[in-house]
Amino acid sequence: EVFAELREKSPIKLAWDEPAVNVRAVQELITANAVDVIILKLQRIGGPDLLWQIIQLCERNGIKCILTSSMETGVGITAILHCASLLRPPIPDCGIDMDRFLEFDVASAPPIENGWRRVPTAPGLGLGRVIF
């Protein structure tokens with residue numbers, strides 16, 4: 001109720017990150033009229049299938065989705081990159097660059113070029129070097 005009032009009075013769009021962990025939580029934010037933007041973290045949600053359900057729910061309700069990462073390896077970053085391609089164009093800026101802070105990584109995510117990463121087209125995630 002407080003957040004719905006804030007959203008109504010604020011000229012700034014209201015975004016949620018931490019509460020957006022599953023379909024039910026996102027539905028509650030939408031029902032409460034307390035959100036303009038949902039920030040999604042693939043790994044916290046539990047996988048691409050559950051993330052896709054949330055994206056579809058948000059699209060049906062006019063809520064913008066942005067994907068971000070936690071501290072992910074190249075594997076996680078590439079999975080998020082693939083999921084970001086599910087968003088309707090124009091795809092918003094997504095924060096999927098935390099792999100640059102790792103001293104060592106098990107896989108090479110696509111490089112950032114002029115602020116963009118390309119979705120790999122090879123089979124599977126399309127990863128480069130993978131070390132086990």
Side-chain angles (χ1 to χ4, degrees):
E1 186 175 305
V2 172
F3 294 112
E5 185 178 333
L6 174 64
R7 180 177 178 233
E8 183 180 314
K9 292 180 179 180
S10 176
I12 299 169
K13 297 212 179 276
L14 192 57
W16 284 102
D17 182 342
E18 296 304 321
V21 295
N22 57 44
V23 175
R24 183 178 49 83
V26 172
Q27 180 62 63
E28 288 173 4
L29 290 168
I30 293 169
T31 300
N33 199 29
V35 65
D36 294 296
V37 179
I38 292 286
I39 300 168
L40 302 168
K41 290 183 172 75
L42 173 64
Q43 289 74 5
R44 285 189 40 231
I45 291 168
D49 55 339
L50 299 172
L51 181 104
W52 178 235
Q53 289 177 32
I54 293 173
I55 290 171
Q56 290 178 312
L57 172 65
C58 289
E59 285 180 353
R60 285 192 304 272
N61 288 279
I63 305 299
K64 181 178 179 177
C65 291
I66 296 174
L67 274 62
T68 64
S69 62
S70 297
M71 197 58 114
E72 308 298 337
T73 67
V75 175
I77 293 294
T78 306
I80 296 165
L81 181 61
H82 279 280
C83 289
S85 71
L86 296 171
L87 299 172
R88 286 195 184 180
I91 295 174
D93 292 338
C94 294
I96 49 177
D97 67 341
M98 297 300 287
D99 57 322
R100 65 193 164 108
F101 294 110
L102 299 176
E103 183 175 342
F104 173 78
D105 202 342
V106 298
S108 298
I112 298 172
E113 299 172 359
N114 297 319
W116 294 86
R117 289 187 195 248
R118 294 187 187 277
V119 177
T121 57
L125 288 178
L127 289 170
R129 167 184 59 100
V130 179
I131 301 169
F132 292 101

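Side chains are part of it too, since the values below use all heavy atoms of this structure and drop only hydrogens, waters and symmetry mates.
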> Before giving the answer on side-chain contact (heavy atoms from CB on, under 4.5 Å), spell out for L86 and L67 the whole-Å C-alpha distance, their side-chain angles and the decisive distance to 0.1 Å.
CA-CA 10 Å; L86 296 171; L67 274 62; over 6 Å; no
> Can you hop from V37 to W16 via hydrophobic side chains spaced under 4.5 Å?
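They do not share one cluster, since no chain of ILVMFWY contacts under 4.5 Å joins V37 to W16.
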> Output the distance between atom CD1 (I55) and atom CZ (R60), rounded to the nearest 0.5 Å.
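The distance works out to 12.0 Å.
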> Side chains of T78 and P110: does their closest heavy-atom pair fall under 4.5 Å?
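Heavy-atom side-chain distance check passes, below 4.5 Å.
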> Considering all heavy atoms of both residues, which atom of I91 and which atom of S85 are nearest to each other, and what is their separation?
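That would be CD1-CA, 4.1 Å.
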> Please tell me whether V75 and V119 are part of a single hydrophobic cluster in this structure, the criterion being side-chain heavy atoms less than 4.5 Å apart.
no
> For the residue pair L14 and F3, what are the closest heavy atoms and their distance?
CD2-O, 3.6 Å
> Is the count of non-hydrogen atoms from other residues, nucleotides or ligands lying under 6.0 Å from E18 atom CD greater than 12?
yes
> Would V35 and I30 count as a side-chain contact (heavy atoms from CB on, under 4.5 Å) if you check the C-alpha gap in whole Å, the side-chain angles of each, and the deciding distance to 0.1 Å?
CA-CA 6 Å; V35 65; I30 293 169; 4.1 Å; yes
> Heavy atoms only: give me the nearest D105-G74 pair and the separation to one decimal.
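So the two residues come closest at OD2-N, 2.8 Å.
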> Look up atom CD1 in I96 and atom CD1 in I66, then write down how far apart they are to the nearest 0.5 Å.
12.0 Å
> How long is the straight-line distance from CD of Q53 back to CD of Q27, given to the nearest 0.5 Å?
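The distance works out to 12.0 Å.
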> State, with a plain yes or no, whether a side-chain heavy atom of H82 is found less than 4.5 Å away from one of P48.
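They are not in contact (no side-chain heavy atoms under 4.5 Å apart), so the answer is no.
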> Do you know which two heavy atoms are closest between C65 and C58, and how far apart they sit?
SG-CB, 3.4 Å
> What's the verdict on side-chain contact (heavy atoms from CB on, under 4.5 Å) for I80 and Q43, showing C-alpha distance, side-chain angles and the deciding distance?
CA-CA 9 Å; I80 296 165; Q43 289 74 5; 3.5 Å; yes
> Decide whether L40 and V21 are clustered together by the hydrophobic rule: side chain heavy atoms of Ile, Leu, Val, Met, Phe, Trp, Tyr closer than 4.5 Å, transitively.
no
> What are the two closest non-hydrogen atoms of I77 and A109, and how far apart are they?
CG2-CB, 3.8 Å
> Within the structure provided, determine whether I45 and K41 are in side-chain contact (heavy-atom separation under 4.5 Å).
no
> Quick one: does any side-chain atom of N61 pair with a main-chain N or O of I63 as donor and acceptor, under 3.5 Å?
no
> Please say yes or no: joined through hydrophobic side-chain contacts below 4.5 Å, possibly via intermediate residues, are I39 and L51 part of one cluster?
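Result: no, two separate clusters.
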> Distance from L81 atom CG to W116 atom CH2, nearest 0.5 Å?
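Here the rounded value is 11.0 Å.
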> Set out, in order, the CA-CA distance, both residues' side-chain angles and the distance that settles side-chain contact (heavy atoms from CB on, under 4.5 Å) for L102 and M71, then state yes or no.
CA-CA 8 Å; L102 299 176; M71 197 58 114; 4.1 Å; yes
> Would one find more than 12 heavy atoms of other residues, nucleotides or ligands at under 6.0 Å from atom CZ of R44?
yes
> So, for K13 and D36, which heavy atoms are closest and what is the spacing to 0.1 Å?
CA-OD2, 3.4 Å
> To the nearest 0.5 Å, how far apart are CZ in R117 and CG in D97?
6.5 Å
> Would you compute the distance between atom CG of L42 and atom CG of L50 and round it to the nearest 0.5 angstrom?
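Reported value, rounded in 0.5 Å steps: 9.5 Å.
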> Hydrophobic clusters here meaning ILVMFWY residues chained together by side-chain heavy-atom distances under 4.5 Å, can you tell me if L29 and W52 are in one?
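Yes.
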